[in-house]
Amino acid sequence: MSKKKPLKQQPKKVAIPQKPERDYHLIFIGIIIAIVSIIRYRLITIPFERDEGEYAYIGGLFLHGIAPFKDAYSMKLPGTSFMYALLMLLFGHSNSGVHLGMLFINAVTMFLLYYSFKKIFNPFIGLATGTIYGFMSIGLVFDGFAAHATHFICFYSAIGLVLLVDYMKSGKALKIFLFGLMLGMAFIMKQQAVFLILFGAVFLFIYLKTEKKETLPEIAKKLLLFGSGVIIPYVIVFLIILITGQFQTFWLWTVKYASQYEAVKSLAFIIGYFKLSFGPAWGDYHYLWVLGLAGLVVLYWSPLTRLQKIFTIGYFIASACTLSSGFYFRQHYFIVILPAIGLFTGIFIDFAIKRLNIKQYSAASLIALLAIVLYTVYHSGKYFFSYSPKVVCAIAYWGNPFNEAPEIAKFIHDNTKDTDKIAVLGSEPEIYFYADRNAATGFLYTYPLVEKQPNNVAMQEQMISEIEKNKPAFIVFCNIPYSWLVTSDSPRKIFEWGNNYTHTNYTPVGFADFFKNSGWQIYWGDDMKNHSNDAESFMIIFKRNPPGTAPQK
C-alpha cells in the first residue's frame, strides 16, 4: 500500500498594514483655525463697545450673585451675559479675558461647522464652510473682533448640527433632545435664533417622514422630544426670574418693550438700513457674496440629494431670518448668515470642479479654496496683522468713546470706594464695567428713554428716581449722538432734569471732547480750561459735592 505524499502547505500571506491616508482637509482646517486664532489673539486687548460693556457688566453682577434684571435692565435674554460670566471666570475679569475666551469659542465653531457639513455633504464642503466662516466672522466690517451674541448663536447652533448628524447616523433619540437643547441655548443668547429652532423642527419632520418613513405618531414623539430640549434653557431662566422676584421687570423688557423695538418699520427704513450696513460688507467681501449666490443658483443642477438641497435652502432661509429680525441689519448681525455663505461657496466650487471633469478633484478644490484665503488675507492684511487694537477700535467705531472709556473709568475707580455707585447719562455701560462700580440705575442703555414707545416718559422718571435715591459719587453725562439717538419728538425731561441735578449737586472734574478730524481728547484738573465749547460730541465727568456745598453758579 503506497503512502500518499503529504500536501505541501502554502506559506501564509502576511497582511501588510496600509499606511492611513492623510486627511488634507483636516490639516487645512487646522491651519486656518490657527491663522484666525493668531489674528484674534493680536486683537484681544481691543476695548469693549456698548453691547460688550452691557454683557460684561451684567455678567459681573451674576458672578456676585445678583439675579438677572434686578439691578440691570435689558430686552435681551441673559444667555450671552451668562457666557461672559463664564469666560471672565475662566480667562480673567477684563476685556482681554473675554476676547481670549471668544478666540476659543470661534475656533471650536469653525471646527464644528467643518465636521457637521463634512458629514452632511462632503469633506470639501465642510472645509469651505468652516474656513469662510472663520475669516468672515473676524471681519472688520462685521465688528468680528468683538464678542457679540451672534458668535454664541453660531457656536451653539454648530454644536446642534453635530448632534443632528450623530442622530442621523446612530438613530439614538437622546441626540434629538440634545439637538433641541443646543438650539434652545442659541435662543437665550438672542431671541432671533427662534428661526433656527423652526428650521430644526421642519428639517427633522422632513427627514423622519421621507427618509426614515416613520408614522405621524412616531414623528410627533420625536418632535416633542426635540421641543422639550428647546424649552429647557428658557424654562430655567424663567424659573430663576420667578424665584428672585424679577418677573415684572423681565416681562416689561423682554416682551413689552422688545415687541415695540421689533415693531413693523417702513419699507424705506428697511432698505436704507440694509444699504447702510451691507454696503461695507459688500465692499470687503464682494467675491464671497458672489460665490455664495452662485452656489445658490447651481444648487438645482448639483448632484446633491433632495434631502441635502432641502437642508441647504432651509438653513439659508433660517439664517437670513435670524439676521433680518427687526430689520435693523447691524454689522454684527450678519455673522449668523456667514456659515450659509460658506456652505454655498463650497457647493459652487464643488459643482464647478466636478462639472469641468477635473481629475484631481481634491487638489483642485483645495487650490481654489486656498486662493480665496490668500486673497482675503491680502485684502485685509493691514487689519489682520498691522493695525493696533486701538486703531481698529477707532476705525470701527469712529465718534464713539470706546478707546477713552477705560481712562475715564480708571479715574472714577481711583476716586471712589467699593461701595460707591456711579451713573452714566447715556448708553455707555462699558464705563460701569471698567470702573468696577455698581450702577446707580438699572438703565444701562438710554435709547428706550427717547425712542417712540409708550413707556419712554415712565422710564425717564424711573431713571431719575433711581439716581436721586442712590446719590452716585460720579455722573458721566454723554452728549454723543450714538449714545442716545434722540429724535425731534423724543421727550426731553431727562435732559432738563440732568442739567439741573448736576448743576445743583455736582462739580465737573473732567471733559472729553470729540472732533471729526482729530478724534477724542480728555482733560482733567487744570487742563480742563483747554477743552472746547465747540466740540461736536462731548462727555462731562461730574463728582458729587460734599454735603453743605453751595450749588454752582
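Keep in mind that the numbers below use all heavy atoms, side chains included, and drop hydrogens, waters and symmetry copies.
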**Report entry** Within residues 70-81 or reaching into it, pairs that qualify as salt bridge (charged side-chain N to carboxylate O under 4.0 Å, His left out) - sequence neighbours excluded
**Finding:** D51-K76, E54-K76
**Report entry** Residue pairs fulfilling salt bridge (charged side-chain N to carboxylate O under 4.0 Å, His left out) with at least one residue in residues 324-350, sequence neighbours excluded
**Finding:** D350-K354
Specify whether [X] and [Y] have parallel, tilted or perpendicular ring planes, treating 30° as the upper limit for parallel and 60° as the lower limit for perpendicular.
| X | Y | value |
| --- | --- | --- |
| F121 | F311 | perpendicular |
| F274 | F334 | tilted |
| W520 | F514 | tilted |
| F538 | F477 | tilted |

What heavy-atom pair brings [X] and [Y] nearest, and what distance separates the two atoms?
| X | Y | answer |
| --- | --- | --- |
| Y432 | T441 | OH-CG2, 4.0 Å |
| E536 | F515 | OE2-CA, 3.5 Å |
| L276 | P280 | O-CD, 3.3 Å |
| I431 | V476 | CD1-CG1, 4.2 Å |
| F48 | S94 | CZ-O, 4.1 Å |
| Y257 | P448 | OH-CG, 3.5 Å |

Query raised in the report: With no hydrogens and no angle check, do the side chains of Q462 and Y73 hold a donor and an acceptor under 3.5 Å apart?
Result: yes
Requested in this report: Check the side chains of S96 and T45 for a donor-acceptor pair under 3.5 angstrom, ignoring hydrogens and angles.
Outcome: no
Side chain proximity check, [X] to [Y], heavy atoms < 4.5 angstrom:
| X | Y | result |
| --- | --- | --- |
| I541 | I408 | yes |
| E430 | P47 | no |
| M88 | V98 | yes |
| Y84 | F433 | no |
| H99 | L43 | no |
| L425 | F542 | no |
| F69 | T254 | yes |
| I372 | I349 | yes |

Taking side-chain contact (heavy atoms from CB on, under 4.5 Å) as the test, write out the residues that go with [X], two or more places apart.
| X | result |
| --- | --- |
| I232 | F177, L181, I236 |
| F82 | F62, P68, P78 |
| S116 | L161, V162, V165 |
| F247 | F238, I241, L242, F250, W251 |

Kindly say whether the aromatic ring centers of [X] and [Y] come within a distance under 6.0 Å.
| X | Y | answer |
| --- | --- | --- |
| F226 | F179 | yes |
| Y328 | Y273 | yes |
| F344 | F316 | yes |

Requested in this report: Output every pair passing side-chain hydrogen bond (donor to acceptor under 3.5 Å, both in side chains) with a member in residues 476-499, not counting sequence neighbours, ordered by first then second residue.
Outcome: E428-S483, E461-K493, E468-W497, T487-D489, T487-S490
Report summary line: residues 275-284 vs side-chain hydrogen bond (donor to acceptor under 3.5 Å, both in side chains), sequence neighbours excluded, gives none
Looking at [atom1] of [X] and [atom2] of [Y], how far apart are the two atoms once the value is rounded to the nearest 0.5 Å?
| X | Y | atom1 | atom2 | result |
| --- | --- | --- | --- | --- |
| I29 | L369 | CD1 | CG | 8.5 Å |
| Y285 | L338 | OH | CG | 8.5 Å |
| I132 | L127 | CD1 | CG | 9.0 Å |
| S319 | F199 | OG | CZ | 8.0 Å |
| Y378 | F384 | OH | CZ | 14.0 Å |
| L87 | I105 | CG | CD1 | 5.5 Å |

Report task. Under the side chain to side chain contact (heavy atoms under 4.5 Å, CB included) rule, what do T129 and L113 come out as? Steps first, then yes or no, please. Result -> CA-CA 6 Å; T129 304; L113 288 172; 4.3 Å; yes
Pair up each side-chain donor or acceptor in residues 385-396 with any protein partner under 3.5 Å, not counting sequence neighbours, and list the distances.
{"unit_1": "S388", "atom_1": "OG", "unit_2": "V391", "atom_2": "N", "d": "3.2"}

Between [X] and [Y], is there a donor-acceptor pair closer than 3.5 Å when you use the side chain of the first and the backbone of the second?
| X | Y | value |
| --- | --- | --- |
| S259 | K256 | yes |
| T80 | M189 | yes |
| E451 | Q453 | no |
| E52 | E49 | yes |
| D513 | Q521 | no |

Query raised in the report: Is the count of non-hydrogen atoms from other residues, nucleotides or ligands lying under 6.0 Å from K309 atom NZ greater than 12?
Result: yes
Report task. May I have the step-by-step check of side chain to side chain contact (heavy atoms under 4.5 Å, CB included) for I347 and L296, ending in yes or no? Result -> CA-CA 8 Å; I347 288 173; L296 176 60; over 6 Å; no
Query - Trace of the side chain to side chain contact (heavy atoms under 4.5 Å, CB included) decision for F278 with Q331 - result: CA-CA 8 Å; F278 186 68; Q331 282 86 346; over 6 Å; no
Query - Set of side chain to side chain donor-acceptor pair (under 3.5 Å) partners for Y315, sequence neighbours left out - result: none
Query raised in the report: Partners of T376 by side chain to side chain donor-acceptor pair (under 3.5 Å), sequence neighbours excluded?
Result: Y287
Donor-acceptor contacts under 3.5 Å from residues 134-159 side chains, at least two apart:
{"unit_1": "S137", "atom_1": "OG", "unit_2": "N106", "atom_2": "ND2", "d": "3.2"}
{"unit_1": "S137", "atom_1": "OG", "unit_2": "Y133", "atom_2": "O", "d": "2.8"}
{"unit_1": "S137", "atom_1": "OG", "unit_2": "G134", "atom_2": "O", "d": "3.1"}
{"unit_1": "T150", "atom_1": "OG1", "unit_2": "H332", "atom_2": "O", "d": "3.0"}
{"unit_1": "H151", "atom_1": "NE2", "unit_2": "G144", "atom_2": "O", "d": "3.4"}
{"unit_1": "H151", "atom_1": "NE2", "unit_2": "A146", "atom_2": "O", "d": "3.3"}
{"unit_1": "S157", "atom_1": "OG", "unit_2": "I153", "atom_2": "O", "d": "2.8"}
{"unit_1": "S157", "atom_1": "OG", "unit_2": "C154", "atom_2": "O", "d": "3.1"}

Report task. Just do the side chain to side chain contact (heavy atoms under 4.5 Å, CB included) check on W253 and S74 with the steps written out, would you? Result -> CA-CA 6 Å; W253 282 90; S74 176; 5.7 Å; no
